[in-house]
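Please read the structure below before turning to the comments.
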Amino acid sequence: MDPMTVITLTTDFGHRDWFVGAIKGVILRQAPGARIVDVAHDAPAGDVASAAFLLGQALQWFPEEAIHVAVIDPGVGGERAPLALRWRRGFLVGPDNGLWSWLERLTGHPVGEARRIENPACRLPELSRTFHGRDLFAPAAAWLAAGGRFEDIGPAVAPAVTLPWPEPQPTGDGWRGQVLYVDHFGNLITNLRNDLLLAPAGEWVLRWGAEGVAPVADHYGAVKPGEPVAVPGSTGFLELAVNQRSASRMLGLGRGAVLELARRQNA
Amino acid sequence: MDPMTVITLTTDFGHRDWFVGAIKGVILRQAPGARIVDVAHDAPAGDVASAAFLLGQALQWFPEEAIHVAVIDPGVGGERAPLALRWRRGFLVGPDNGLWSWLERLTGHPVGEARRIENPACRLPELSRTFHGRDLFAPAAAWLAAGGRFEDIGPAVAPAVTLPWPEPQPTGDGWRGQVLYVDHFGNLITNLRNDLLLAPAGEWVLRWGAEGVAPVADHYGAVKPGEPVAVPGSTGFLELAVNQRSASRMLGLGRGAVLELARRQNA
Amino acid sequence: MDPMTVITLTTDFGHRDWFVGAIKGVILRQAPGARIVDVAHDAPAGDVASAAFLLGQALQWFPEEAIHVAVIDPGVGGERAPLALRWRRGFLVGPDNGLWSWLERLTGHPVGEARRIENPACRLPELSRTFHGRDLFAPAAAWLAAGGRFEDIGPAVAPAVTLPWPEPQPTGDGWRGQVLYVDHFGNLITNLRNDLLLAPAGEWVLRWGAEGVAPVADHYGAVKPGEPVAVPGSTGFLELAVNQRSASRMLGLGRGAVLELARRQNA
């Protein structure tokens with residue numbers, strides 16, 4: 001590969017300890033020309049479904065042939081396999097725990113063949129039980145960046161874990177969905193695609209709980225500060241927000257909360 | 001421009017979600033040689049005045065011809081314009097909300113012509129209403145880095161928003177000022193320039209509220225741990241600190257709090 | 001040195017203010033080809049001992065000839081000297097407060113000669129009292145990266161501060177140790193080396209306080225979620241964890257807490 005290959009890092013390791021630094025050091029020692037790009041290191045801790053959504057939103061924008069490392073890995077040291085996968089837009093490296101489940105759906109680019117990382121050239125000589133980011137995933141990414149062949153990483157395997165995608169359900173006059181992701185502003189991103197609003201035409205509201213209701217508008221500022229509003233999000237999905245506040249905190253809703261998109265009733 | 005152009009990023013997007021990653025991906029795809037430098041991604045959320053101070057403190061140190069992107073943008077999706085501006089030391093890209101108001105004052109380098117980002121070549125094909133960092137500002141910065149002409153970005157405009165600078169007021173024996181910025185250590189940075197202390201000579205104290213008073217000294221350790229002290233700060237402005245603690249928390253003061261610099265009374 | 005020299009940054013400046021941005025700007029202006037790598041900017045604030053452990057865990061993985069800057073500097077502006085040091089694997093730049101005390105022990109690579117940063121070419125023209133990261137340490141690192149001679153930085157000195165290493169003490173049937181570092185997952189990393197477990201063979205437990213006890217196992221998942229377990233850590237030291245929780249919070253233990261590694265009693 002190009003010696004200036006981009007390697008992106010997405011982890012829940014934070015910026016407090018040595019974890020991210022050690023990963024970067026391992027990569028730079030093996031692939032000195034690699035361009036390391038931090039995507040996020042405060043990904044929701046151990047939350048594979050949120051990370052799967054995050055990766056689907058971030059990785060699609062990078063140049064082709066980038067190598068994407070993700071280490072949200074609550075099962076480290078257990079039985080889950082370490083994987084490298086081909087993706088239409090580069091390579092993916094991380095644990096076999098479902099992290100890549102939604103990548104094709106969210107980006108349109110299919111995920112291809114998976115290999116179990118086994119080649120000793122793709123690992124540090126000593127393998128710890130608790131830090132595979134440093135010992136396995138960083139070396140495998142650096143090995144690809146330095147020109148190693150994908151096929152030599154290890155045997156082809158089928159990923160063991162795939163997270164089911166929560167498909168919205170039709171109701172009489174709309175759709176029942178759920179909160180997929182809570183961002184750091186507290187906005188609640190749903191599984192209701194923006195284009196559900198297009199047809200049939202009409203005015204919509206988003207409902208939750210016994211009495212919660214928010215108008216659908218095209219930007220946060222369409223309601224007063226402190227009031228809820230549902231907007232077609234930059235993710236391609238409807239999001240429930242509170243203008244200038246955290247919707248998650250003010251409405252008491254989190255991942256998995258059920259929502260209904262319905263037509264406004266003209267009583 | 002130089003293909004190794006530095007592009008700095010200053011946002012309030014945090015490190016938890018995909019926002020920063022998507023911006024970096026968009027830049028690298030359009031300007032593969034650009035050197036992306038993270039300035040701060042936990043800038044005080046939606047707080048344009050604090051960001052204006054932060055930018056004035058950070059950007060002056062970078063090489064000339066750098067491109068500086070700032071996305072603290074509480075009005076995203078509303079009427080505020082997306083701008084690119086010439087600066088004596090490079091280019092500035094961000095929303096028209098006052099972010100650049102204090103740059104000349106704080107750095108000595110004037111901000112020049114502003115252009116409204118309108119050229120379709122400086123935007124993603126589809127423009128979301130809530131994530132102009134990815135859809136508008138990153139592409140415009142990458143376009144400049146890849147050699148696009150500033151004049152082609154869009155029509156020349158006058159920025160609509162300029163934050164007034166809070167000038168200190170003379171009192172009988174000193175100056176009345178205010179807290180401009182609270183840093184993450186809890187130090188309270190004021191609008192009182194260090195050089196106000198120079199003339200006339202004498203010993204000074206900083207006062208606040210009914211009874212608050214701190215000596216002016218030349219470093220935090222001049223007082224015991226837990227005690228307040230005012231020091232000529234590295235920003236060029238006096239800061240009120242508490243040795244080894246958070247002054248903001250211990251003194252209960254925040255942005256806008258009024259302070260008086262006065263000569264010590266020899267009773 | 002190589003114009004693409006890696007300069008790593010480890011600080012407690014956070015990502016909220018301009019501190020890290022200003023340091024990066026100063027480096028890039030003086031050493032335009034330097035590759036700046038963020039190790040950690042949320043290092044435990046003002047906690048030199050934790051930083052010494054962090055640096056020992058992170059820096060060993062980087063390429064030789066890297067330049068490592070660390071600014072955890074609670075004594076900034078006081079009497080402590082600014083230092084540059086030779087290290088078997090590159091150079092070290094930071095305050096003389098003990099930050100490098102454990103680097104040789106944790107990495108096996110000796111720290112060599114120290115120089116006090118005095119050469120005006122290795123400092124900004126004006127030196128603030130409170131931000132030596134920008135004014136002294138960044139310029140000194142950039143100067144080395146741009147080909148400046150180590151010997152010209154300033155006079156050779158002996159570092160004034162060395163943190164003592166807390167050696168574990170033998171007990172009748174094991175070892176008494178302590179918590180060295182609390183990571184952001186809340187795992188408690190001890191001064192008990194993994195290899196203390198090897199001989200004599202047998203089954204071990206880790207004890208603390210009046211009644212605390214955890215089995216030693218080889219990964220977190222060996223116990224149920226919410227239960228404590230001691231595992232040989234990726235740092236080379238035993239760590240006390242709670243599966244899928246924060247051990248620090250659940251067990252109420254922090255840095256310095258005393259622990260005993262003992263053989264399991266077969267009553």
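Below, chain A is the first sequence line, B the second, and so on; all start at residue 1.
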Legend entry - Top contributor to chain C interface from B:Leu54, B:Leu55, B:Val39 [non-hydrogen pairs under 4.5 Å]: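 Heavy-atom pairs under 4.5 Å are most numerous for B:Leu54.
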
Legend entry - Interface residue of largest heavy-atom contact number with chain C, from B:Thr10, B:Val6, B:Asp183, B:Val231, under 4.5 Å: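 Max contact count across the listed options: B:Asp183.
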
Inset, instruction - Kindly state whether the ring of B:Phe13 and the ring of B:Phe131 have centres lying under 6.0 angstrom apart. - result: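 B:Phe13 vs B:Phe131: aromatic centres under 6.0 Å.
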
Inset, instruction - Kindly say whether the aromatic ring centers of C:Trp18 and B:Tyr181 come within a distance under 6.0 Å. - result: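 When the ring centroids of C:Trp18 and B:Tyr181 are compared, they turn out to be within the sub-6.0 Å range.
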
Inset, instruction - Could you tell me whether C:Arg80 and C:Asp73 make a salt bridge, using a distance below 4.0 angstrom between a side-chain N and a carboxylate O? - result: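 Looking at C:Asp73 together with C:Arg80, the answer is yes, because their closest N to O distance falls below 4.0 Å.
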
Side chain from CB out, backbone as N, CA, C, O: work out which of these in [X] comes under 4.5 Å of a heavy atom of chain C, or both, or neither.
| X | result |
| --- | --- |
| B:Asn187 | neither |
| B:Leu9 | neither |
| B:Gln57 | both |
| B:His184 | both |

Legend entry - Option that, when pairs with chain B are counted at under 4.5 Å, heavy atom only, ranks first among C:Gly78, C:Gly77, C:Ser128: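 Of the candidates given, the most pairs with chain B belong to C:Gly77.
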
Inset, instruction - Among the options C:Lys24, C:Glu126, C:His15, pick out the one with the most heavy-atom pairs lying under 4.5 Å from chain B. - result: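 So the answer, after comparing C:Lys24, C:Glu126, C:His15, is C:His15.
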
Legend entry - C:Phe19 versus chain B, the contacting section by heavy-atom distance below 4.5 Å: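 Just the side chain, heavy atoms under 4.5 Å.
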
Legend entry - Under 4.5 Å from any heavy atom of chain B - which part of C:Leu127: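 No part of C:Leu127 comes within 4.5 Å of chain B.
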
Inset, instruction - Quick one: do B:Phe62 and B:His68 satisfy ring-ring contact (aromatic ring centres under 6.0 Å, His included)? Show the steps, please. - result: CA-CA 10 Å; B:Phe62 280 88; B:His68 301 288; 5.7 Å; yes

Legend entry - Pairwise side-chain contact, B:Leu59 with B:Thr8, heavy-atom cut-off 4.5 Å (strictly under):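 B:Leu59 vs B:Thr8: side chains touch.
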
Legend entry - Flag for B:Glu227-B:Tyr220: side-chain donor and acceptor within less than 3.5 Å: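 B:Tyr220 vs B:Glu227: no donor-acceptor pair found between side chains.
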
Legend entry - CG on B:Leu92 to CH2 on B:Trp87, rounded to 0.5 Å: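 These two atoms lie 6.5 Å from each other.
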
